[in-house]
Every structure is written in structure tokens, then in C-alpha cells.
Amino acid sequence: MSSQDDPLERVSIAVVEHQGRYLVGARRANQPLAGLAEFPGGRRLPGEEGAACAVRECREETGLGVNVVRKLCECRHAYAHGTLELEFWLCRPAQDENPDRAGGGFRWVPAESLKSLEFPEANRTVLEILAAGSQPAS
């Protein structure tokens, strides 16, 4: 699917859960898919493992340190701005972190409210997994 004109971008997403709530922000006006809901995440660095990227991106975007629990899913999605290979990682706040200090425009959203938010199309599978309750309990 990807071509020289459409390079594949590898992205890792931290799906951070704490007491039945998930850390969600909104894409900035200067980003593709502006205004849509998002979990913290971003492009993987050369040689960077997916889980490490999710942890790094969450810290950079929210100020919150997290631990990875497991990979929830992965998918490839073509948008007008490029093709993304996404990995979604279930994470929890690190033991020494205060989850309430998450910043960067991210907020804690109850699991049952996720379906009322508009996420990018590539998030469909992970949202279905979360809605089905197949992630480990807190």
C-alpha cells in the first residue's frame, strides 16, 4: 500500500487507563485530523521499540510517566496525509506518579464516554476492544 510518494510512518499510542478512565486529548489545529480526540502518542524514532515510544510520547505530551501493560492491537491506515502503521499499548500511570497531574490538554475520560468522542478512523479497532472490556481490570 505504501509507495515512495506515500511513506509509511510508524506510530505508537499510549492508551493510559486509571480507575476506569482513559487519558484523552484533542489534536491541535496545526495537525492533520485537527480537533479529533486522541490518546497520547507519536512517531517512533529509528530503532525505537513500540512500547518505549508509547512511554516516551506519553511523558512528552502529558508529563505523566507510565508503564506498559501489553499491546492492545496494531493496524495500518491510509489517510490523505500519509499511511500510518499504528501500535496501541495499554498503559497505567507509573507507581510514583500522580495521575491528576497529567497536562498538555489531556484529561481523564470515563470508559463509557469514549464512544461519544470523535476519534480518527484508525482508532476504531482499539475503541471496540475497550468498549468490549477486554483490557485487564485496574
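Since the model is a prediction, treat every value here as computed from it, not as a measurement.
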Q: Count the heavy atoms of every other residue, nucleotide or ligand shown that sit under 6.0 Å from CD of E49, and state whether that count exceeds 12.
A: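 Incorrect, the count does not exceed 12.
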Answer yes or no: does atom CD of E118 have more than 12 heavy-atom neighbours from other residues, nucleotides or ligands under 6.0 Å?
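No, because the 6.0 Å sphere around CD of E118 holds 12 heavy atoms or fewer from other groups.
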How long is the span from the [atom1] atom in [X] to the [atom2] atom in [Y], to the nearest 0.5 Å?
X: H18; Y: D100; atom1: NE2; atom2: CG; value: 6.5 Å
X: C73; Y: R124; atom1: SG; atom2: CZ; value: 12.5 Å
X: C75; Y: E85; atom1: SG; atom2: CD; value: 9.0 Å
X: L84; Y: H77; atom1: CG; atom2: NE2; value: 8.0 Å
X: T83; Y: E9; atom1: OG1; atom2: CD; value: 9.0 Å
X: F88; Y: K71; atom1: CZ; atom2: NZ; value: 11.5 Å

Using only atom types and a distance under 3.5 Å, with no angle test, would you say the side chain of [X] pairs donor to acceptor with the backbone of [Y]?
X: R101; Y: G63; answer: yes
X: E97; Y: G65; answer: yes
X: E17; Y: G20; answer: yes
X: E57; Y: I13; answer: no

Can you see which heavy atom on [X] is nearest to which on [Y], and at what distance?
X: Y22; Y: A111; value: CE1-CB, 3.7 Å
X: L64; Y: A102; value: CD2-CB, 4.3 Å
X: E38; Y: R27; value: OE1-NH1, 2.8 Å
X: S113; Y: V109; value: CB-CG1, 3.7 Å
X: V66; Y: C58; value: CG1-SG, 3.8 Å
X: R43; Y: C53; value: O-SG, 3.6 Å

Q. Do V15 and V24 belong together in a cluster built from hydrophobic side chains that touch within less than 4.5 Å?
A.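 In one cluster with V15: V24, yes.
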Criterion ring-ring contact (aromatic ring centres under 6.0 Å, His included) against F39, the qualifying member of F119, W108, F106 =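 When F119, W108, F106 are each tested with F39, the ring-ring contact (aromatic ring centres under 6.0 Å, His included) holds only for F119.
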K115 vs L127 side-chain heavy atoms within contact, under 4.5 Å: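 With C-beta onward as the side chain, the pair stays apart.
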